[in-house]
Amino acid sequence: MKLSDKIVELRKAHGMTQEDLAEMCNVSRQSISKWEADIALPETEKLLLLGEIFHVSMDVLLKDELTLSEVKDINTCGTNAVTAKKREAYEGILIKESLSDDSIIDLLNIHKIELWKTGGNPKYWTALFFTSEKKDLPKEFSKVMISAPDNGLNWFVDFKAGNEKYIVFKDKILKYQIGNRAEKDYVCNECRKMGISDEEMNWPE
């Protein structure tokens, strides 16, 4: 079952109109209509919100081969429907060419893939937009990032979970609380020691 069909089924199972779901997701009714018609995909933060609203995992939402095994009743409605604190999910962008072992992709929910033209070698990078609920994901990433310091090449992946930002190199995990200037400065200084330019540290928060 496709994501679009799952959104329709879950919305109806919870007795919601497209307008109701649009209000809860802070989007237009037309956006919900496009999601359900398989014309557009929800952004990462909206996917996480849908999972909370419908009480289902990202795997259930994103993997076509998984169907909806059950729908849980909720007793609240409107913008206050998401009341339970969900375990923080990781979200970020991974360059596939930065991996020494791409089997780690099995731990990720990939919801979008883009080819980025680099102007160098390789000519293109494969950008994977992902979420994951794997508890030890930073440790798993640290095992497979490519590191070739003799060639001035230290790949890293940056992602976040809630208000915590992770920067992960081969055998090195850095993190800071978003908004904590001192922690971020420390992480940036450590990245400079790894040969990372200030421009490369302009990661999203």
Side-chain angles (χ1 to χ4, degrees), residues 1-7 10 21 25-28 31-32 34-54 56-66 82 86-120 122-146 154-170 173-176 178 187 191 196 199-205:
M1 183 184 292
K2 295 190 296 186
L3 172 62
S4 55
D5 296 328
K6 292 175 184 177
I7 295 174
L10 286 162
L21 185 57
C25 292
N26 195 28
V27 298
S28 67
S31 292
I32 302 297
K34 288 179 179 179
W35 296 350
E36 295 185 352
D38 203 22
I39 296 173
L41 282 174
E43 296 177 350
T44 300
E45 64 177 295
K46 302 305 180 186
L47 282 169
L48 295 171
L49 187 56
L50 287 171
E52 292 181 346
I53 291 170
F54 295 138
V56 296
S57 70
M58 291 298 99
D59 273 354
V60 168
L61 283 176
L62 292 169
K63 293 187 178 179
D64 289 351
E65 67 270 19
L66 296 181
V82 181
K86 185 175 180 289
R87 183 174 66 182
E88 296 290 8
Y90 297 103
E91 60 174 310
I93 305 173
L94 171 68
I95 303 301
K96 185 175 181 293
E97 288 73 18
S98 69
L99 302 174
S100 61
D101 179 0
D102 61 11
S103 64
I104 194 174
I105 295 174
D106 293 338
L107 305 179
L108 310 177
N109 301 312
I110 306 300
H111 66 91
K112 184 168 67 169
I113 301 173
E114 291 182 353
L115 284 180
W116 292 354
K117 192 171 184 179
T118 67
K123 189 175 181 180
Y124 294 97
W125 288 346
T126 309
L128 309 177
F129 293 72
F130 71 88
T131 58
S132 177
E133 293 179 3
K134 177 69 174 175
K135 185 177 180 180
D136 55 352
L137 187 66
K139 182 179 179 181
E140 294 300 322
F141 268 131
S142 73
K143 297 175 183 177
V144 299
M145 301 307 298
I146 291 176
N154 274 313
W155 284 93
F156 68 89
V157 58
D158 68 277
F159 51 95
K160 66 179 182 177
N163 199 43
E164 198 159 49
K165 185 72 177 182
Y166 289 82
I167 312 297
V168 179
F169 295 85
K170 174 70 173 178
I173 300 172
L174 301 168
K175 63 180 179 178
Y176 63 88
I178 294 172
V187 168
C191 288
I196 306 303
E199 182 179 0
E200 291 175 286
M201 288 185 273
N202 188 28
W203 47 66
E205 294 183 342

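Because the structure is predicted, anything quoted here is derived from the model rather than measured. Just so you know, these numbers use all the heavy atoms, side chains as well, and skip hydrogens, waters and symmetry mates.
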Heavy-atom side-chain proximity of [X] to [Y] below 4.5 angstrom:
X: N26; Y: K46; result: yes
X: W125; Y: S98; result: no
X: K160; Y: W203; result: no
X: I196; Y: I167; result: no
X: V144; Y: S103; result: no

[atom1] of [X] to [atom2] of [Y]: how many Å apart, nearest 0.5 Å?
X: I146; Y: N154; atom1: CD1; atom2: CG; answer: 11.0 Å
X: E36; Y: L10; atom1: CD; atom2: CG; answer: 10.0 Å
X: L49; Y: F54; atom1: CG; atom2: CZ; answer: 9.0 Å
X: I53; Y: L48; atom1: CD1; atom2: CG; answer: 11.0 Å
X: L99; Y: K143; atom1: CG; atom2: NZ; answer: 14.0 Å
X: E43; Y: F129; atom1: CD; atom2: CZ; answer: 10.5 Å

Would the number of heavy atoms belonging to other residues, nucleotides or ligands and lying under 6.0 Å from CD of E140 be above 12?
yes

Looking at K34, I'd like to know if its NZ atom is crowded, meaning that more than 12 non-hydrogen atoms belonging to other residues, nucleotides or ligands lie closer than 6.0 Å.
no

Exercise: identify the closest heavy-atom pair between [X] and [Y]:
X: L50; Y: C25; value: CD2-SG, 3.8 Å
X: I7; Y: L21; value: CG2-CD2, 4.1 Å
X: E200; Y: F156; value: O-CZ, 3.6 Å
X: F169; Y: W155; value: CD2-O, 3.5 Å
X: E91; Y: T131; value: CB-CG2, 4.0 Å
X: V168; Y: M145; value: O-CG, 3.9 Å

Sort out for me which residue in I113, N109, L94, I93 forms a side-chain contact (heavy atoms from CB on, under 4.5 Å) with F130.
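Of the listed residues I113, N109, L94, I93, the side-chain contact (heavy atoms from CB on, under 4.5 Å) partner of F130 is L94.
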
Could you tell me whether the side chain of K165 and the main chain of P204 form a donor-acceptor pair under 3.5 Å?
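Confirmed, K165 side chain pairs with P204 backbone.
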
Can a donor-acceptor pair be found, under 3.5 Å and without considering hydrogens, that links the side chain of S142 to the backbone of I173?
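Not at all, since once roles are kept as given, no pair shorter than 3.5 Å links the two residues.
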
Picking from E97, K96, E114, what satisfies side chain to side chain donor-acceptor pair (under 3.5 Å) with T126?
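It is E97; the other options fail the test.
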
Aromatic ring proximity, centroids under 6.0 angstrom, F141 and Y166:
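No; F141 has its ring centre 6.0 Å or more from that of Y166.
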
Are T44 and H111 close enough that a side-chain donor and a side-chain acceptor fall under 3.5 Å?
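The answer is yes; a qualifying pair exists.
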
